[in-house]
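Chain identifiers are assigned alphabetically (A, B, ...) following the order of the sequence lines, protein sequences preceding nucleic acid strands; residue numbering begins at 1 within each chain.
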Number of protein chains: 2
Amino acid sequence: MEKNLKIHPAFDERCPVRASLALLSGKWTLMILFQINENVMRYGELKRAVTGISEKMLIQELNMLVENKLVSKEVYPQIPPKVEYRLTKLGLKTLPIVDQLAEFGLENLV
Amino acid sequence: MEKNLKIHPAFDERCPVRASLALLSGKWTLMILFQINENVMRYGELKRAVTGISEKMLIQELNMLVENKLVSKEVYPQIPPKVEYRLTKLGLKTLPIVDQLAEFGLENLV
DNA sequence: AATAATTCTAACCATTTAGTTAGTACATTA
DNA sequence: TAATGTACTAACTAAATGGTTAGAATTATT
């Protein structure tokens with residue numbers, strides 16, 4: 001039905017701020033990136049580090065971050081399983097964003 | 001019902017990153033702040049500047065930003081109405097965050 | 001033989017967020 | 001006289017996001 005052709009203004013699609021938010025504005029996303037930081041972290045370690053997150057959200061976010069190349073994943077073929085996560089070069093570039101948000105929050109919100 | 005006492009880990013409540021995201025991570029929030037920027041803007045101007053936003057979302061966000069002191073609002077008792085919005089000191093402090101997100105988006109996403 | 005530890009997956013439900021449609025009031029313009 | 005512009009509000013619907021519960025596979029531990 002011709003009426004339903006949605007207009008997606010270029011603004012929406014190409015706006016770099018929107019693009020960044022689409023990637024990073026989830027409830028847990030930046031927390032996870034921040035916790036991984038410069039470290040190598042196993043799934044279980046992250047679960048403990050990111051207080052309050054459910055297992056579903058944790059792997060869902062991790063998978064999404066791996067897909068988007070912010071995080072890399074190394075699986076060791078062992079039993080019980082061992083999986084390591086770390087930030088990619090791209091992932092490391094998000095840390096300044098976390099810093100800005102942290103600074104703003106610290107100074108004005110909390 | 002005792003079962004429903006929700007546990008809100010301190011982490012969640014006091015984390016400055018979460019606090020900032022709670023305020024700023026909406027679909028339109030940062031766009032609006034960015035469009036107002038250092039200017040004085042009327043409701044209608046904003047409507048045109050923030051392409052694609054609905055009137056509902058626009059005033060909803062504006063009201064929320066005024067409540068949270070990121071934006072100030074001046075109403076002129078005229079017919080037809082005239083209302084001006086501008087960033088407060090606090091609101092201006094969000095612009096570096098927008099810049100970070102824009103930079104990250106530009107370099108890596110769009 | 002049962003339990004714990006590890007890293008997930010799947011199905012379902014609840015909540016939050018965003019979008020749509022319609023309408024208000026008055027004044028000016030066509 | 002009818003349409004246009006201004007800044008909203010309200011009621012409802014749709015979509016996105018997050019949470020809960022259960023379980024699977026294998027080994028080591030009790």
Distance test, side-chain N/O of B:N63 to OP1/OP2 of D:dC8, below 4.0 Å: no

Distance, rounded to the nearest Å, where B:K73 contributes NZ and D:dT6 contributes C1': 13 Å

5'-most by nearest nucleotide on DNA chain D - A:P81 or B:L62: B:L62

Under-4.0 Å side-chain N/O to phosphate OP1/OP2 contact, B:K56 with D:dT13: no

Within 6.0 Å of CZ in B:F34, more than 12 heavy atoms from elsewhere: no

Heavy-atom closest pair, residues B:M64 and B:L23: CE-O, 3.1 Å

Sugar-phosphate, base or nothing in reach of A:Q78, heavy atoms under 4.0 Å: nothing

Gap between atoms CD and P, on B:E45 and D:dT6 respectively (whole Å): 10 Å

Presence of B:Y85 side-chain N/O under 4.0 Å of D:dC8 phosphate oxygens OP1/OP2: yes

5'-most by nearest nucleotide on DNA chain D - B:I59 or A:I53: B:I59

Pair A:E84 + A:K73, salt bridge at N-O below 4.0 Å: no

N-O pairing of B:R86 and B:E74 below 4.0 Å: yes

Whole angstrom value for the distance that separates C1' of C:dA18 from CD of B:E55: 15 Å

Whole-Å distance separating the NZ atom of B:K47 from the P atom of C:dG19: 15 Å

Closest heavy-atom pair and its distance - A:L106, B:P16: N-CB, 3.6 Å

Candidate nucleotides D:dA7, C:dT20, C:dT7, ranked by approach to the side chain of B:S54 - the nearest: C:dT20

D:dG18 base / A:K27 side chain donor-acceptor hit below 3.5 Å: no

Gap between atoms CE and C1', on B:M57 and D:dA14 respectively (whole Å): 13 Å

Side-chain N,O (A:K82) to OP1/OP2 (C:dC8) below 4.0 Å: no

Under-4.0 Å side-chain N/O to phosphate OP1/OP2 contact, B:R42 with D:dA7: yes

Atom-pair distance (CD1 on B:I79; C1' on D:dC8), nearest Å: 12 Å

Between C:dG19 (C1') and B:L58 (CG): distance, integer Å: 14 Å

Euclidean distance, atom CD of residue A:Q60 to atom P of C:dA10 [Å, nearest integer]: 12 Å

